[in-house]
Amino acid sequence: MSRLFPSLKQSSGLERFIRIVALFAIFAAVIWAFWENNQRVISEIERKQDVADTGGYLSDEQLSFVKGFRDALHSRYGISFRLRVVEGPAPRPESDQKTLYVGLSPASEEIVLRLPPLLGSALGEEFLDDLRANHLNDFWQDEEWQSGLVLLLAAIWERLEEISGKDPAVREGENPS
């Protein structure tokens with residue numbers, strides 16, 4: 001044969017064992033590199049998502065609620081929604097004409113709420129003042145701030161439903177009585 005692949009008949013038991021171990025080490029290294037690359041790609045995709053909880057603060061149920069809010073807000077009102085829950089300082093993106101943005105940083109107890117100008121004027125200054133007083137100012141006082149996020153989004157949704165003339169208690173297909 002060749003010098004690279006000598007005949008196994010001439011190999012000792014120790015040499016065969018070392019070759020097998022080296023082969024498994026190569027497979028393990030390739031699998032590890034594949035795993036690390038996938039983790040990097042997944043974290044990059046999560047970072048770019050509309051709803052990102054990089055610290056793992058929200059439960060699956062809460063994430064499901066937030067994603068449902070995002071989908072309903074976009075399909076019903078054409079408004080995009082972005083949520084960032086991060087370990088460090090809360091990101092402060094530029095204002096967007098069609099995006100409702102909520103940025104949360106539990107470590108530094110920061111909350112950033114950016115409303116599109118049209119949405120802000122539609123909700124009304126009185127509602128926004130109420131939102132600040134009842135939700136935003138005391139947001140971090142509650143140890144279960146995640147439920148405060150759900151209440152904040154629910155309050156915005158209910159106000160939008162009021163403005164559009166639909167009773168939030170009555171959903172499509174439900175009997176109002």
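Quick caveat, the model's predicted, so the values are computed rather than measured.
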Q: Drop me the distance from Leu119's CG to Ile79's CD1, to the nearest 0.5 angstrom.
A: 4.5 Å
Q: Verify, without hydrogens or angle tests, whether Asp50 (side chain) and Arg82 (backbone) share a donor-acceptor contact under 3.5 angstrom.
A: no
Q: Please confirm whether the backbone N or O of Ala90 pairs with a side-chain atom of Glu110, one donor and one acceptor, at under 3.5 Å?
A: yes
**Q.** Ion pair Glu36/Arg40, N-O distance below 4.0 Å
**A.** no
Q | Inter-residue atom distance Leu151.CG - Trp145.CH2, 0.5 Å rounding | A | 13.0 Å
Q) Is it the case that more than 12 heavy atoms not belonging to Asn37 sit under 6.0 Å from its CG atom? A) yes
Q.
To the nearest 0.5 Å, what is the distance between CZ on Arg114 and CZ on Arg92?
A. 6.5 Å
(Q) Regarding Glu126 and Arg159, does a basic nitrogen lie under 4.0 Å from an acidic carboxylate oxygen? (A) no
Q: Answer yes or no: is there a donor N or O on one side and an acceptor on the other, between the side chain of Ser108 and the main chain of Pro89, under 3.5 Å?
A: no
Could you give the side-chain donor-acceptor pairs of residues 63-74 under 3.5 Å, partners two or more places apart or in another chain?
none

Q) If you group Ile, Leu, Val, Met, Phe, Trp and Tyr whenever their side-chain heavy atoms sit less than 4.5 Å apart, what else falls in with Trp32? A) none
(Q) Please tell me whether Leu118 and Leu100 are part of a single hydrophobic cluster in this structure, the criterion being side-chain heavy atoms less than 4.5 Å apart. (A) no
(Q) Measuring from atom CZ of Arg84 to atom OH of Tyr101, what distance do you get when rounded to the nearest 0.5 angstrom? (A) 6.5 Å
